[in-house]
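Working notes, beginning with the structure itself.
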Amino acid sequence: GFIGVYGILIRQDLFGNSQTSNVIFIVISILGRNIFDFITRFFALLIYMAGTVIVVIWKKKIPYDVRYFAIAVDFFSLIILGLLPRNMDPVIGLYPIFFSASVQWNVFAGVHGYNCSTIFSTNNIKQFTISSTEYLLEKDPKKKHRATFYGLTLLSFYFGVTLGYFAVVLLDVKGAFLGLPIVLTALTLIRVSEHSINYEMEPAK
């Protein structure tokens, strides 16, 4: 949510967390024969795809928790975003977001058996609506759990949007630096969860 609103506010209303609009503009640039726009947006697509490729290779070939890689990518992406000038090409200015969003989506793809995106909300809204409606009709506790999960995910996302908005209002481009505590919080939660799992797996003494 934080990086999504940051891109919108800093880079001329462009949303860097997904590729749908970017690919639409690629087609438009081809039809309109805008070579520069095509090149910058095509590279954005390649960067987004590269994030997915790296995560797939990592999971299959590298015996270390890929979540730490995702955290590092978010951390350094925010630093780079805070250093990029305001008046640069807006698509190029989103390159760090294209990469970090792709990595984050592939690494943190869901939990409890639910597919869940951390970088945009369309499917989360759909799943929350379906689950809430089914719970009201059936009173099934599983549907309540599902609705609660997606509801809290949406609240978390838009809490990040709120923080990102005030970060930009306060510091403009350098507001990206205020996203670093969010990344460090995520790192802390991963460490705490690992400690909890290891503690549960320790044999009784």
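Note: Tyr158 OH to Leu163 CG = 14.5 Å, rounded to the nearest 0.5 Å. From Ile97, atom CD1 reaches atom CD1 of Ile47 across 12.0 Å, with rounding to the nearest 0.5 Å. The distance from atom CZ of Phe98 to atom CG of Leu14, rounded to the nearest 0.5 Å, is 7.0 Å. Rounding to the nearest 0.5 angstrom, the gap separating the CZ atom in Phe177 from the CD1 atom in Ile79 is 7.0 Å. The CG atom of Leu137 sits 9.5 Å away from atom NZ of Lys143, with the distance rounded to the nearest 0.5 Å. Separating the CG atom in Leu178 from the CZ atom in Phe166 is a distance of 12.5 Å, to the nearest 0.5 Å.
Thr153 and Ser117 get closest at one heavy-atom pair: CG2-O, 4.3 Å. Shown here for Ile71 and Ala186, the closest heavy-atom pair between the two residues is CD1-CB, 3.6 Å. Across all their heavy atoms, Phe15 and Ile119 have their closest contact at CZ-O, 3.6 Å. Looking at every heavy atom in both residues, Val91 comes nearest to Ala44 through CG1-CB, 4.3 Å. Between Tyr64 and Trp58, the shortest heavy-atom contact is O-NE1, 2.8 Å. Nearest heavy-atom pair, Leu184 versus Phe75, reported as atom, atom and distance to 0.1 Å: CD2-CE1, 4.2 Å.
Ionic pairing of Arg67 and Asp65 is present here: one or more N-O contacts between side-chain nitrogen and carboxylate oxygen are shorter than 4.0 angstrom.
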How far apart are the C-alpha atoms of Phe149 and Cys116, what are their side-chain angles, what is the distance that settles it, and do they pass the side chain to side chain contact (heavy atoms under 4.5 Å, CB included) test? CA-CA 9 Å; Phe149 170 80; Cys116 177; 3.8 Å; yes

Check the pair Phe159, Leu155 against side chain to side chain contact (heavy atoms under 4.5 Å, CB included), reporting the backbone distance first and the verdict last. CA-CA 6 Å; Phe159 178 68; Leu155 286 175; over 6 Å; no

For Ile3 and Leu78: C-alpha separation, side-chain torsions, deciding distance, then whether side chain to side chain contact (heavy atoms under 4.5 Å, CB included) applies. CA-CA 8 Å; Ile3 62 173; Leu78 286 167; 4.0 Å; yes

Between Arg191 and Tyr68, is a side chain to side chain contact (heavy atoms under 4.5 Å, CB included) present by the stated rule, with each step listed? CA-CA 10 Å; Arg191 294 296 296 164; Tyr68 290 110; 3.1 Å; yes

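Between Phe108 and Val66 the shortest side-chain heavy-atom distance does not fall below 4.5 Å. Taking 4.5 Å as the limit, some side-chain heavy atom of Ile26 sits within range of a side-chain heavy atom of Phe38. Using a 4.5 Å heavy-atom threshold, the side chains of Pro96 and Leu84 count as touching. Annotation: side chain of Phe69 is not in contact with side chain of Ile62 (no heavy-atom distance under 4.5 Å).
Side chain of Asn124 to main chain of Leu154: no donor-acceptor pair is present (N/O by atom type, distance under 3.5 Å, no hydrogens or angles). Between the Tyr6 side chain and the Arg11 main chain, no donor and acceptor come within less than 3.5 Å of each other. The backbone N or O of Thr129 lies less than 3.5 Å from no partner atom in the side chain of Ser132, so there is not a single donor-acceptor pair.
Under the ring-ring contact (aromatic ring centres under 6.0 Å, His included) criterion, Tyr150 pairs with Tyr114, not counting sequence neighbours.
Among pairs with a residue in residues 95-105, those fulfilling side-chain hydrogen bond (donor to acceptor under 3.5 Å, both in side chains) read Thr52-Ser102, Asp74-Gln104, Gln104-Thr118, at least two apart in sequence or across chains. Residue pairs satisfying the side-chain hydrogen bond (donor to acceptor under 3.5 Å, both in side chains) criterion with at least one member in residues 37-48, sequence neighbours excluded, are listed as follows: Asn22-Arg41, Asp37-Arg41.
Using a 4.5 Å cut-off between side-chain heavy atoms of Ile, Leu, Val, Met, Phe, Trp and Tyr, with links allowed through other members, Phe76 and Ile10 fall into the same hydrophobic cluster. Taken together through direct or relayed side-chain contacts under 4.5 Å among Ile, Leu, Val, Met, Phe, Trp and Tyr, Met49 and Val73 form part of one hydrophobic cluster. By the rule that hydrophobic residues join a cluster once side-chain heavy atoms approach within less than 4.5 Å of another member, Val183 and Leu189 end up as members of separate clusters. Linking ILVMFWY residues whenever their side-chain heavy atoms come closer than 4.5 Å, directly or via other members, leaves Ile28 and Ile35 in distinct clusters. Neither Val53 nor Phe42 shares a network with the other; the hydrophobic side chains, linked directly or stepwise wherever heavy atoms of I, L, V, M, F, W or Y lie under 4.5 Å apart, form separate groups for each.
Within a 6.0 Å sphere centred on CD of Gln12, other residues, nucleotides and ligands contribute 12 heavy atoms or fewer.
With a 6.0 Å cutoff to the six-membered ring centre and a 45° limit on the axis angle, Lys126 does not count as a cation-pi contact of Phe128.
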